[in-house]
There are 2 protein chains.
Amino acid sequence: MAKTERRSDALTRERIVDVAIEVLDSDGENGLTFRALAARLETGHGAIQWHVANKGELLKAATAVAVAKAVGETAPDTPPREAIHTIALGVFDAIEAHPWVGGQLARPPWQSTMLDIFEHIGRQVRALGTPVATHFTSTTALLHYIIGAGGQNATNSRSPEAFGDRGDFLDGLAAQWAELDADRYAFTRTVADQLRVHDDRAEFLAGLDLMLDGMTMPR
Amino acid sequence: MAKTERRSDALTRERIVDVAIEVLDSDGENGLTFRALAARLETGHGAIQWHVANKGELLKAATAVAVAKAVGETAPDTPPREAIHTIALGVFDAIEAHPWVGGQLARPPWQSTMLDIFEHIGRQVRALGTPVATHFTSTTALLHYIIGAGGQNATNSRSPEAFGDRGDFLDGLAAQWAELDADRYAFTRTVADQLRVHDDRAEFLAGLDLMLDGMTMPR
DNA sequence: ACCTGAACACCGTTCAAGT
DNA sequence: ACCTGAACACCGTTCAAGT
């Protein structure tokens, strides 16, 4: 299990991935270069590529580490809807903390990370007691929503426009919406106020509950 | 309105964007380079950048053109759920035809393209007769699902693994699922058969209907 | 106004050479 | 086994120079 290390700061695949996550968080996907990584790790870029073959592999490994915590076990007696909330918020928060994760999870080939999330959500879907024939559809739909909403939320909150005070940003955006063309944006204008006061995590859960309601409503 | 053109193949912003869409469709986002574009348009790459300042602007313009058709008007007497299906499938198909669109729509700043989709969906949400206070949440959730599911579906179907016969691909993947560890993937194994026979567009609409059911169920 | 192409400061990836 | 750094074939972007 333990490998012999000459120096405490020996170059390992694990250390490379950890630093890659730091770089991705601070500088984004384009900021992650083998040369930038080499500078932080005080080595040559070729050394890194001995441990990690290419950039795709590096992104995949970083995603797995960043999301791993989100899909931990939930207590066996947790009601299924509540358990789904926990898993979904775990993924949502992981993407919010590491916005580059959103784009990676969607990208094939499906890593084991994605399969783990699918499995955990699916177990709770089954626990809801819905017909077996609907399980695949329901689990897939939930996963699409969770990854999609999480990714879009994270990119929105990191946009240059959103930088600074959140209240100011939403006030400004809501004001823009309220002044849109009355005919062309007849609907959008009416929800400007709801945009102004909304909470991202609460909206995310409310959308999730719409799906859960649809799955469990009496037929 | 009409600008004087010396040659029929004069370099215009519109022509650049059209060719950019062709390149994006065939070679993906990384295949789109100013030099590749210049070769196709038989000009220098600098000429292109006189019309389009940078790559981001080019991607934004290409996305707007590729999605524009999807958000056309629906007949005024169409039942709202049916109208939402039409809009959603339009976006879904546009992303399937142009997979790079998925990543672009999610990226801020929200282009007018995204606002148009929001407006059209919102009008139908209002037509469903649900409480006004829920309109923003419902429309946002639908949009997150549509963009998210569309993007993930498109990247999945374009993955190297999925290249070739779709039946063979799903058979192979379902076989892998069925052979997963019985404890760790207890749920996933049971839906392998549902994965094998699923239809992407039907699944997409089924997921959408879960949300619509949740929005309209009696409380 | 529109186009050209050299120049610059980067990339990812490969690989002969070292230890 | 692990690391180094030169070399290669690219990028996006800038910009002086042309028409």
Side-chain angles (χ1 to χ4, degrees), chain A residues 1-63 100 103-104 107-109 160, chain B residues 1-63 100 103-104 107-109 160:
Chain A
M1 194 66 90
K3 58 185 68 170
T4 32
E5 289 181 357
R6 253 156 277 230
R7 313 174 297 171
S8 63
D9 64 341
L11 197 59
T12 61
R13 189 184 156 93
E14 191 185 5
R15 224 164 76 81
I16 291 171
V17 172
D18 284 344
V19 175
I21 290 177
E22 289 175 21
V23 175
L24 284 164
D25 287 346
S26 60
D27 303 326
E29 206 164 324
N30 286 336
L32 179 68
T33 68
F34 283 108
R35 284 166 177 84
L37 221 45
R40 286 223 199 187
L41 289 163
E42 290 176 333
T43 180
H45 64 264
I48 292 171
Q49 289 188 275
W50 194 90
H51 292 276
V52 184
N54 52 49
K55 195 168 173 178
E57 191 183 319
L58 187 55
L59 281 165
K60 194 169 137 182
T63 303
W100 45 272
Q104 282 314 116
R107 216 185 312 275
Chain B
M1 196 66 87
K3 59 185 69 171
T4 32
E5 288 183 359
R6 251 155 279 226
R7 313 173 297 172
S8 64
D9 64 338
L11 197 60
T12 60
R13 190 186 155 93
E14 192 185 4
R15 223 165 76 81
I16 292 171
V17 172
D18 285 343
V19 175
I21 290 178
E22 289 176 21
V23 175
L24 283 163
D25 287 345
S26 61
D27 303 327
E29 206 164 323
N30 285 337
L32 179 69
T33 69
F34 284 108
R35 284 165 179 84
L37 222 45
R40 288 222 198 188
L41 289 164
E42 291 176 331
T43 180
H45 64 262
I48 293 172
Q49 290 190 276
W50 193 89
H51 292 277
V52 184
N54 53 49
K55 196 168 174 178
E57 190 184 318
L58 186 55
L59 281 166
K60 194 168 136 181
T63 302
W100 44 275
Q104 282 315 114
R107 217 186 309 276

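Chain A is the first sequence line, chain B the second, and so forth, proteins listed ahead of strands; every chain is numbered from 1.
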Report the distance from atom [atom1] of [X] to atom [atom2] of [N], rounded to the nearest whole Å.
X	N	atom1	atom2	result
A/Leu11	D/dG5	CG	P	13 Å
A/Leu41	D/dC2	CG	P	16 Å
A/Trp50	C/dT19	CH2	C1'	14 Å
A/His51	D/dC3	NE2	P	4 Å
B/Phe34	D/dC15	CZ	P	15 Å
A/Leu37	D/dC3	CG	P	13 Å
A/His45	C/dC10	NE2	C1'	13 Å
A/Gln49	D/dG5	CD	C1'	12 Å

To the nearest 0.5 Å, how far apart are [atom1] in [X] and [atom2] in [Y]?
X	Y	atom1	atom2	answer
B/Thr33	B/Asp27	OG1	CG	9.0 Å
B/His51	B/Leu58	NE2	CG	12.5 Å
A/Leu11	A/Ile16	CG	CD1	4.0 Å
B/Glu57	B/Gln49	CD	CD	10.5 Å

DNA chain D: stems of at least 3 consecutive Watson-Crick or G-U pairs whose donor-acceptor distances fall under 3.5 Å: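 Result, WC/G-U stems under 3.5 Å: C:4-8 with D:12-16, C:12-16 with D:4-8.
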P-based separation of C/dC2 from D/dA17 [nearest Å]: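 Roughly 22 Å separates the two P atoms.
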D/dA16 to C/dC3 separation - C1' atoms, rounded to the nearest Å: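 Straight-line distance between the two C1' atoms is 13 Å.
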Minimum side-chain heavy-atom gap B/Trp100-B/Ile21 below 4.5 Å: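 Yes. Closest side-chain heavy atoms under 4.5 Å.
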Sugar-phosphate only, base, or nothing, as touched by A/Leu32 at under 4.0 Å among non-hydrogen atoms: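 Answer is sugar-phosphate: A/Leu32 comes under 4.0 Å of backbone atoms only.
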Nearest-nucleotide 5' precedence on DNA chain C, A/Arg35 against B/Gly46: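 Taking each residue's closest nucleotide, the earlier one in sequence belongs to B/Gly46.
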Residues A/Glu29, A/Lys55: salt bridge by 4.0 Å N-O rule: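 A/Lys55 and A/Glu29: not salt-bridged.
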Which nucleotide in D/dG12, D/dC3, C/dC3 has an atom nearest any side-chain atom of B/Thr33: D/dG12
B/Glu14 atom CD, neighbour heavy-atom count above 12 within 6.0 Å: no
